[in-house]
There are 2 protein chains.
Amino acid sequence: MTDKRHLTKTQQRNRGLIREAALEIFSQYGFRGATLDQIAEASGLSKPNLLYYFPSKEAIHEELLGGLLDLWLAPLRELNDEGDALAELLDYVSRKLQMSREHPRESRLFANEILQGAPRMGGTLDTDLKALVDDKAAIIRHWVEQGRIAPVDPYHLIFSIWALTQHYADFDVQVRAVLDGADPYPGAEAYLHDLFLRLLSPRG
Amino acid sequence: MTDKRHLTKTQQRNRGLIREAALEIFSQYGFRGATLDQIAEASGLSKPNLLYYFPSKEAIHEELLGGLLDLWLAPLRELNDEGDALAELLDYVSRKLQMSREHPRESRLFANEILQGAPRMGGTLDTDLKALVDDKAAIIRHWVEQGRIAPVDPYHLIFSIWALTQHYADFDVQVRAVLDGADPYPGAEAYLHDLFLRLLSPRG
DNA sequence: GTCTATACCTCGATAGAC
DNA sequence: GTCTATCGAGGTATAGAC
């Protein structure tokens, strides 16, 4: 039996190659659009060898999805109720945008999954995701009540941060078509900082 | 030869049934994830009968994509350079959000296509889309220069409107998981109106 | 651990009766 | 115009030699 705590060098290396290749292919073609041939090609391993390390195509996909929600929610998890309210939220936006820039494939893999109704993410959306968002929304509501930020709906605020940051990864081809291929991130950083600063600055 | 201008009642009806069913299935599963069996089932026609009306699976998909970009850009096209700047933009946001609410399947079909690199949309992004956005961005830049709205990057403003409105259709399952299944649109309408009002109101 | 060969199935598309 | 039956390609997974 292979024990996760006692993997040989080869095993670690090949499982890593497969994960990397699978991320590349699944994020571009979706689960059903991707084929084991493509993943084999991209990883440099043979197709039967893929199925030596993972029992099925589905298992490879699950391996990727497993850690994805955690990675995805990490920036939100860092939101600190004891920090400066406005700075905390602006930092969150910045971290989330950086996540899109550094992990566009993970963003697209996630988007593919959600777009199709999250058939392979099970109940993690209703449990883990919802619990964290409820927790952070309560913090934001508190900040509003204390007048530390302008009044906003905490849930729609969080949705808007997700939407605005992930858009640059998920709709990359559209963005670059409009911008003639230019890197959108410097402009996005400035625009989003400005947007949320104006939205959230307490007035009067 | 079938001439589009002389379709029988049956032809019109069945082609309509196929389009409706294909939209339902393609938007949920993507092009490769969808099967003709599913579309046949959903349309109430037999699989060979689908291929009597359309030469291939790809042709059905193209039929849907064909009009999609136009439908998609219609709200932006209405942006009128002679109207009141702030009201024009807020109305655009509202129209675009309504499009998400009324056409979530079209939104997801489009998102599926863009997410995977728009392999079947040809050059329409680089030509039609870019031309329209450049045109409207020039109008917005003009409004900024005249001081009729606060200074913003016109391109990122348009991206942000797309991202924020489409998010509610494309990431519906995630939004509803967080909101316990509640309808997000009333809250979204208020939040987005508020957001863009604060962002764009000229100050000083 | 890794390969070649292949079993087996799903799916798009066609043949041909009605 | 619509059906049943079926072909053939492509895809997941397995067998078995090395």
Side-chain angles (χ1 to χ4, degrees), chain A residues 1-65 112 116 119-120, chain B residues 1-65 109 112-113 116 119-120:
Chain A
M1 279 274 74
T2 46
D3 184 326
K4 283 229 173 184
R5 287 160 299 185
H6 298 84
L7 294 173
T8 67
K9 281 251 171 69
T10 309
Q11 283 173 330
Q12 289 186 29
R13 177 179 155 278
N14 285 349
R15 289 181 67 94
L17 287 174
I18 294 171
R19 265 193 298 269
E20 164 64 22
L23 176 59
E24 182 73 24
I25 303 299
F26 280 135
S27 67
Q28 183 170 357
Y29 300 101
F31 178 72
R32 291 207 48 186
T35 71
L36 288 180
D37 276 310
Q38 290 175 301
I39 299 173
E41 165 82 25
S43 67
L45 300 175
S46 71
K47 191 162 51 164
N49 212 3
L50 257 55
L51 296 167
Y52 171 79
Y53 289 100
F54 292 90
S56 67
K57 177 186 179 180
E58 182 121 18
I60 302 176
H61 193 252
E62 274 173 25
E63 171 90 3
L64 294 178
L65 278 188
N112 259 305
Q116 309 199 355
R120 287 170 247 276
Chain B
M1 279 272 78
T2 46
D3 184 327
K4 283 228 173 185
R5 287 160 298 184
H6 297 84
L7 294 173
T8 68
K9 281 253 173 69
T10 308
Q11 282 174 331
Q12 289 185 30
R13 178 179 155 279
N14 285 348
R15 289 180 67 94
L17 286 174
I18 294 171
R19 265 193 298 269
E20 163 65 23
L23 176 59
E24 182 74 23
I25 302 299
F26 279 135
S27 67
Q28 183 170 357
Y29 300 101
F31 178 73
R32 290 207 49 183
T35 71
L36 288 181
D37 277 311
Q38 291 174 300
I39 299 174
E41 166 83 25
S43 66
L45 300 175
S46 71
K47 190 163 53 162
N49 212 4
L50 258 54
L51 297 167
Y52 171 77
Y53 288 99
F54 292 90
S56 67
K57 177 186 180 182
E58 183 121 17
I60 303 176
H61 194 251
E62 274 173 26
E63 171 92 3
L64 294 179
L65 277 189
L109 182 66
N112 258 306
E113 191 64 16
Q116 308 200 355
R120 285 169 247 276

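First the proteins, then the strands, lettered A, B, ... as listed; each starts at 1.
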Just call it for [X]: base, sugar-phosphate, or nothing, with non-hydrogen atoms closer than 4.0 Å on any strand.
{"X": "B:A34", "result": "sugar-phosphate"}
{"X": "A:Y53", "result": "sugar-phosphate"}
{"X": "A:L36", "result": "sugar-phosphate"}

Distance check needed: [N] [atom2] versus [X] [atom1], whole Å only.
{"X": "A:K57", "N": "C:dC9", "atom1": "NZ", "atom2": "C1'", "result": "14 Å"}
{"X": "B:L45", "N": "D:dT4", "atom1": "CG", "atom2": "C1'", "result": "16 Å"}
{"X": "B:H61", "N": "C:dG12", "atom1": "NE2", "atom2": "C1'", "result": "15 Å"}
{"X": "B:E62", "N": "C:dG12", "atom1": "CD", "atom2": "C1'", "result": "16 Å"}
{"X": "B:I39", "N": "C:dT10", "atom1": "CD1", "atom2": "P", "result": "18 Å"}
{"X": "B:I25", "N": "C:dC11", "atom1": "CD1", "atom2": "C1'", "result": "15 Å"}
{"X": "B:D37", "N": "C:dA13", "atom1": "CG", "atom2": "C1'", "result": "12 Å"}
{"X": "A:E58", "N": "D:dG11", "atom1": "CD", "atom2": "P", "result": "18 Å"}

Original post:
So does B:R120 have more than 12 non-hydrogen atoms from other groups sitting under 6.0 Å from CZ?
Top reply: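 Atom CZ in B:R120 is packed in, count exceeds 12.
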**OP:** Flag yes if more than 12 heavy atoms outside A:E41 fall under 6.0 Å of its CD atom; otherwise flag no.
**Re:**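 Atom CD in A:E41 is not packed in, count stays at 12 or less.
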Original post:
Of A:Y29, A:F26, A:F54, which is the lone residue that meets ring-ring contact (aromatic ring centres under 6.0 Å, His included) with A:H61?
Top reply: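 Result for ring-ring contact (aromatic ring centres under 6.0 Å, His included) with A:H61: A:F26.
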**OP:** For the pair B:K57 (side chain) and B:F31 (backbone), establish whether a donor and an acceptor sit closer than 3.5 Å, ignoring hydrogens and angles.
**Re:**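 Judged by distance alone, yes, a pair lies under 3.5 Å.
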Original post:
Relative to the 5' end of DNA chain C, which residue comes earlier, A:N14 or B:L51, by the nucleotide with the nearest heavy atom?
Top reply: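 With A:N14 and B:L51 compared, the 5'-side residue is A:N14.
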Original post:
Quick one: on DNA chain C, does A:S46 or A:R32 contact a more 5' nucleotide (nearest heavy atom)?
Top reply: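 Nearest nucleotide further toward 5': that of A:S46.
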Original post:
How about A:R32 and B:T35: do any of their side-chain heavy atoms sit closer than 4.5 Å?
Top reply: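 The answer is yes, as the side chains (C-beta and beyond) meet within the 4.5 Å cut-off.
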**OP:** With DNA chain D as reference, determine whether B:K47 or B:R13 sits nearer its 5' end, using the nearest nucleotide of each.
**Re:**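 Checking each residue's closest nucleotide, the 5'-ward one belongs to B:R13.
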Original post:
What's the closest nucleotide to the A:P48 side chain, out of C:dC11, C:dT4, D:dT4?
Top reply: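 It is C:dT4.
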**OP:** Using a cut-off of strictly less than 4.0 Å, decide whether A:Y52 has a side-chain nitrogen or oxygen near OP1 or OP2 of C:dT2.
**Re:**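 It does not, given that no N or O in the side chain of A:Y52 lies less than 4.0 Å from OP1 or OP2 of C:dT2.
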